[in-house]
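Below: one structure, written as structure tokens.
A note on names: the letters A, B, ... follow the listed sequences, proteins ahead of strands, and every chain is numbered from 1. Below, each value reflects all heavy atoms present in this structure, side chains not excepted, and no hydrogens, waters or symmetry copies.
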2 protein chains.
Amino acid sequence: MAFREDLDTLVLAVLQSGPMHGYEISRRIRELSEKVLSAGEGKLYPCLHKLEQDGYVQAEWIPQENRPARKVYSLTDKGSGAIVEKRKAWEAFATGVTAILNPPKPEASHG
Amino acid sequence: MAFREDLDTLVLAVLQSGPMHGYEISRRIRELSEKVLSAGEGKLYPCLHKLEQDGYVQAEWIPQENRPARKVYSLTDKGSGAIVEKRKAWEAFATGVTAILNPPKPEASHG
DNA sequence: AATCATACATCAGGTTTTGAGGTATTTGGG
DNA sequence: CCCAAATACCTCAAAACCTGATGTATGATT
């Protein structure tokens, strides 16, 4: 058991820095979080495909010379808009966890 | 996809308020988090059993009159100690997510 | 007679994640 | 030359996990 991130939220959030290909999204998640979070390829690519399919991001293949082509993703309007809700969901979650981690103390006897 | 809590952490944390039976732990998690988090019975009881087995909590059956007996859990020293680490893990996680939700802005052209 | 709340617990079925594998190229060490 | 690691995409089987239902038992409420 461990806390687990919502990869959709993370992917959409990193794309706020500008268009980016999958491998880089993965790298940024690892680096920005100082290795606390990681988006393994086994779930990153399926996540990206779903996000594209649902219209949160759009993708374009950019050929490279002497390197594999890149599929560059960028936020759509729908994707940008969704970040607002996702951020709220994160805040609610974090508030909830914090409330439990800082529970009301047991009654101290005082007299 | 959604953010997901580490139930171990939550259970140990609520037990800081004092010994408590499973059903109440579940209620508190729901209430303290204002319904953002919930520990369904299907995962709470297995979690509690594992925590007991691993020595993080100890349990005692308390019979009730005309009601089902309660299994009251309390933190062991090991359990109390573990909270420190779990809290750190939460903070690292939250810091990581926050870092990604507030990413460096794309270079604004400034010339 | 239902239904809800208390209070424990399990389990089938579904979803998700992990980790390995697959393709293809460049760079760097030995 | 060969091996490993980094870049860059992607898939899939096996394992892990969660949801929601079910089961037991009683009291209060409608």
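A sub-4.0 Å separation between OP1 or OP2 of D:dA8 and a side-chain N or O of A:R70 is present. Distances shown here put a side-chain N or O of A:Y45 below 4.0 Å from the OP1 or OP2 atom of D:dC9. Taking only side-chain nitrogens and oxygens, A:H49 never comes nearer than 4.0 Å to OP1 or OP2 of D:dC9.
Nucleotides of DNA chain D nearest to B:E5 and A:E24 differ in position, and the one nearer the 5' end is that of A:E24. Residue order along DNA chain C, read from the 5' end via each residue's closest nucleotide, puts B:R27 first among B:R27 and B:K43.
Taking the six-membered ring where tryptophan is involved, the planes of A:F3 and A:F93 are perpendicular, since the angle between them exceeds 60° and thus also 30°.
Residue B:K50 contributes atom NZ, which lies 16 Å from atom P of C:dA9 at whole-angstrom precision. Rounding to whole angstrom units, NE2 of residue B:H21 and P of C:dT6 are separated by 9 Å. Rounded to whole Å, atom C1' of C:dC8 lies 13 Å from atom CD1 of B:I25. If you take CZ of A:R4 and P of C:dT18, they are 7 Å apart, rounded to a whole angstrom. Here the C1' atom of nucleotide D:dT19 and the CG atom of B:L37 are 16 Å apart, to the nearest Å. Taking atom CG of A:L44 as the reference point, atom C1' of D:dC9 lies 11 Å away to the nearest angstrom. As a whole-Å value, the separation of A:E41 CD from C:dG22 P is 15 Å. Taking atom CD on A:E60 and atom P on D:dA8, their separation rounds to 16 Å, with Å as the unit.
With D:dT11, D:dT7, C:dC8 as the candidates, the nucleotide lying closest to the side chain of A:Y23 is D:dT7. Comparing D:dC17, C:dT10, D:dG27 by their closest approach to the side chain of B:R67 singles out D:dG27.
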Are A:Q58 and A:E52 close enough, and set up right, to give a side chain to side chain contact (heavy atoms under 4.5 Å, CB included), and what steps lead you there?
CA-CA 6 Å; A:Q58 57 193 169; A:E52 185 182 1; 5.9 Å; no

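Partners of A:D8 according to the side chain to side chain donor-acceptor pair (under 3.5 Å) rule, which considers only residues two or more places apart in sequence or in another chain, do not exist here.
Nucleic acid contact class of A:G40 (heavy atoms, under 4.0 Å, all strands): none.
No option in A:K43, A:R30, A:K86 other than A:K43 meets the salt bridge (Lys or Arg N to Asp or Glu O under 4.0 Å) test with A:E5.
The existence of a salt bridge linking A:R87 and A:E91 is excluded, since no basic side-chain nitrogen approaches an acidic carboxylate oxygen closer than 4.0 Å.
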